[in-house]
Structure formats: C-alpha cells, structure tokens
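The chains referred to below are lettered A, B, ... by the order of the sequence lines, with proteins before strands, and numbering in each begins at 1. No hydrogens, no waters, no symmetry mates; every other heavy atom, side chains included, goes into these values.
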There are 2 protein chains.
Amino acid sequence: MEEIKNHIRRFVNISDKELNAFTKELELQEVKNKEFLLKEGTHSLHHYFVVKGCLRSFFINKKGVEKIVNFAIEDWWISDYDSLINKTPAYLNIQAVEDSIVLKIPQEKLEALFETSTNLNSYFRKILEIVRIADQKRVQFMFNMSGKEMYEHFRDNNPEFMQRVPQYMLASYLGFTPEFLSKVRGLQE
Amino acid sequence: MEEIKNHIRRFVNISDKELNAFTKELELQEVKNKEFLLKEGTHSLHHYFVVKGCLRSFFINKKGVEKIVNFAIEDWWISDYDSLINKTPAYLNIQAVEDSIVLKIPQEKLEALFETSTNLNSYFRKILEIVRIADQKRVQFMFNMSGKEMYEHFRDNNPEFMQRVPQYMLASYLGFTPEFLSKVRGLQE
DNA sequence: GAAAAAAATTAATCATGATTAAGAAATGAA
DNA sequence: TTCATTTCTTAATCATGATTAATTTTTTTC
C-alpha cells in the first residue's frame, strides 16, 4: 500500500488523510499467470494498479486473433476505460502475463472520491495526460516506422521489458504476426 | 465565450465565479484557412478550443509526407500535449483547415487554475478520459480493419465531417495514401 | 472567364508484412 | 527425464496498400 501512496505523492502534494480516504477503497488481489481480471462482454467494474508483475489488455479480432492493446507493469494502471466510463460491456480482456499483485478500485468509488478530493482529481488528470502522450506517440510510430523499425525502437527503449513477455505478445502489441517478428529479428540491422 | 462555458457545464457542476476565473485567461483568436497556430520545433504554449471551424495537427514523416494525427472541430480541444506537459519543442504542427475561431489558454495559466479549482481539474480529467477512449478505439480500428473498412467506418460515422476536409487529409488521418483512398472509393462495397 | 493551383483519379509496378505449413527449441508438468 | 505444451523459426506464396507517373476534375485567383 505504501507503493501506491508513494506513486501518488510523486505527482501531487497530498495529505495523508486524503491518501488514506483513497487507499481505504483499494482492495489487494493476487493474480496467477494467465488468470483473467476482466473478460470481454462482461461488466467492467475496476481500475487495476499493478504493485508487482505484469498484465495485458487485449481483444480478439474478427479473424479470432488476439490483439494486445496495452501492457501494464509495476506502478501503472490498466483498465477498459470505455467500459468503465460508458458502462458498456467490456470490449477488452485483462489478463496476467506473470504472477502478479494488483490493487483494484471500483469506478463508482473513484467517482465519489473525485467529488471530494482535488488532489485525486489532479493525480488522475496527470496520469491521463501521460497516457495521452503515450497513445499519441504510438500512433505516430505506427505512421512513421516500418515493422522492423518499430521492433528495434521498442527493443532499444524497453530492454528490461523484453525479457518479461513472450515474443509473440510483443508482436501482437506492435501490430504484426509472430512470424514476421521472428523474421525481423533474424535480419542484420 | 458562452460557447465554452456551456461546454464545461455539460461536464461539471461549476459556479459562475469559477468559470469566470477560467474564461478570464482565455484569448480569442481568428485563424484563416491554412494559417498555423503551432509549427514543429517551436515552443508550444497554448491549448486551443475550437469555437468555430476546423483545425488539424500533423507531423512530417521521414519521407517528407504530412501525417495527420488529429482533427478538431467545434467544441473540441487541440494541442501538442507532449510539448505542453514536458516543455519540449513541438513535434506537431497545428493548422486551420477552414477559417476558424479559437480560444486559447496558456499551459501555465491552466496549471495555476488547477491549483484552485476542483471543477476545472475534473473537467479536464473528463476530457482526457474521452480522449483516452477515442485513442484506444483508433488503435483498435488500426489493428482490426483493412483500409477499405476503416474508410467505410469513418464515412458512416462522420458523414457531416466528410464534407469539411479534402479527401487527401482524410487519407492521411486514416494512415494511407490519397491514391489508395481514391481506389477504395471507386470499389463496389 | 482564363489561367493557375489544388485536389482527385487511374493504372502499372513494387514492397511490406500476412498466411500457410512444417519443424525445431524451449519450458513445464508428471 | 520423459512427454506434452508452448514458443520460436524458416520458407514459400499471397494480398494489401505504397510508389510512380500521367491525366482529369475542381477550386481559386486575377
């Protein structure tokens, strides 16, 4: 729990009282590798904060292939925002990629906290700003780079992360097939 | 100015006093078609809210081709978030696609307002939530649809908007060449 | 309303990355 | 320590959409 408190303190100047009002609503959950926190079509209720481990969100495309939308590792959030905000059935699945520990908070509790805490509002605004910038960059990469370049860029910028997920998941996240990723890796740079 | 006040009121329950503190910092600017509000490499200072007209943000890729990242029409915001938040030189250009009227607010003024107004924090958090969902869907479309399908989907969901921008800009936004878009339009569905 | 500029179309060729189909290597379970 | 499952690789063929180049259509400007 100190984990997330410190994380929030890095973004906003927040009193212990406000922080405790928040952490009081959090629930710790352990998830085994391959276990699901959310399945598509069901009602999504929680935001998940990764204390330890690694999660992924993905959907199944028309051809039945898994497409990874996001990863989350330590000190990051993952959820199906569309489902949480618009109260629609989840389009995404959220699944553990390693044995993990998460803190979860129900969307409704969070909304209630936003009514009373400027700092929490501010914290989540700042998280969303970062997410916005990351999403923007991702589109830019997709518009600007070949598959080979995307792979090399990802590898060079996330060397530690490369060790944590199977290659075929990275291929899915980058938007291509495992066969193609394998080919790209085999080529000289 | 009533325009943006009403827009904000649709998202948060905000007092006139708080609203006025915000609108006091806004500056009205008219932009002719093709005029720039931001050029890449320069220092980005403002968020822009479109009162009337249409803007686009784009970058120039390695091959010298314009890649449109976002459009903004009436009642929507546009900016280079990365540049504003991280104080880096702009990577994006922001340009009018029609004669337009915008309201602009400097990032620093906005940051100051966030310190005092929960409701403004909340409003921008909600805007970012919507942006997050839109960004997410865009990635999903890119992962799930052929060029032809992306065009048809966009056309069916934004019939009015189709009239407002040249086809080659839409092609750029969707991630392909004007030649390909033209081909796709020529095909039977 | 003529000339110029901007936007859209067409068609041929080309390249990136998908698909298919084996098989090899690594990991995990009994 | 063997069997089974998961992951990764290789190679051939195929499809989507890029590139190039020319032409037509539309819009703007004088």
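- Residue A/E179 places its side chain closer to C/dT19 than to any other of C/dT19, D/dT19, D/dG17.
- The number of heavy atoms from other shown groups lying within 6.0 Å of NZ (A/K5) is above 12.
- Proximity note for B/K34 (side chain, C-beta onward) versus D/dC8, C/dA8, C/dA6: the nearest is C/dA6.
- As a whole-Å value, the separation of B/L174 CG from D/dT16 C1' is 15 Å.
- Nucleotide D/dT6 holds its P atom 12 Å from the CE atom of A/M169, rounded to whole Å.
- With A/F49 as the fixed residue, the side-chain contact (heavy atoms from CB on, under 4.5 Å) test singles out one of A/I8, A/V102, A/I78, A/D75: A/D75.
- In this structure, B/K62 atom NZ and D/dA18 atom P are separated by 15 Å, rounded to whole Å.
- Comparing C/dA18, D/dT10, C/dA11 against the side chain of A/S182 picks out D/dT10 as the nearest.
- Between A/T177 and C/dA18 there is a side-chain N or O to OP1 or OP2 distance below 4.0 Å.
- The aromatic ring centroids of A/F124 and A/F114 lie less than 6.0 Å from each other.
- Between B/K183 and D/dT16, a side-chain N or O to OP1/OP2 separation shorter than 4.0 Å is absent.
- Counting to the nearest Å, the C1' atom of D/dT5 and the CG atom of A/N33 are 14 Å from each other.
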For A/R185 and A/S182, what are the C-alpha separation, side-chain angles and deciding distance, and is it a side chain to side chain donor-acceptor pair (under 3.5 Å)?
CA-CA 5 Å; A/R185 277 165 42 89; A/S182 183; 5.7 Å; no
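- D/dT16 atom P lies 19 Å from atom CZ of B/F143, rounded to whole Å.
- Taking atom NZ of B/K32 as the reference point, atom P of D/dT28 lies 13 Å away to the nearest angstrom.
- The side chain of A/F180 lies closest to C/dA18 when the candidates are D/dT6, D/dG17, C/dA18.
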Any chance you could lay out the ring pair (Phe, Tyr, Trp, His ring centres under 6.0 Å) test for A/F161 and A/F71, step after step, and finish with the verdict?
CA-CA 10 Å; A/F161 186 72; A/F71 290 108; 5.0 Å; yes
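- At the phosphate of D/dT6, neither OP1 nor OP2 sits under 4.0 Å from any side-chain N or O atom of A/Q167.
- The separation between B/K63 atom NZ and D/dA18 atom C1' is 7 Å, rounded to whole Å.
- Neither OP1 nor OP2 of D/dC8 sits under 4.0 Å from any side-chain N or O of A/R185.
- Rounding to whole angstrom units, OH of residue A/Y168 and P of C/dG17 are separated by 22 Å.
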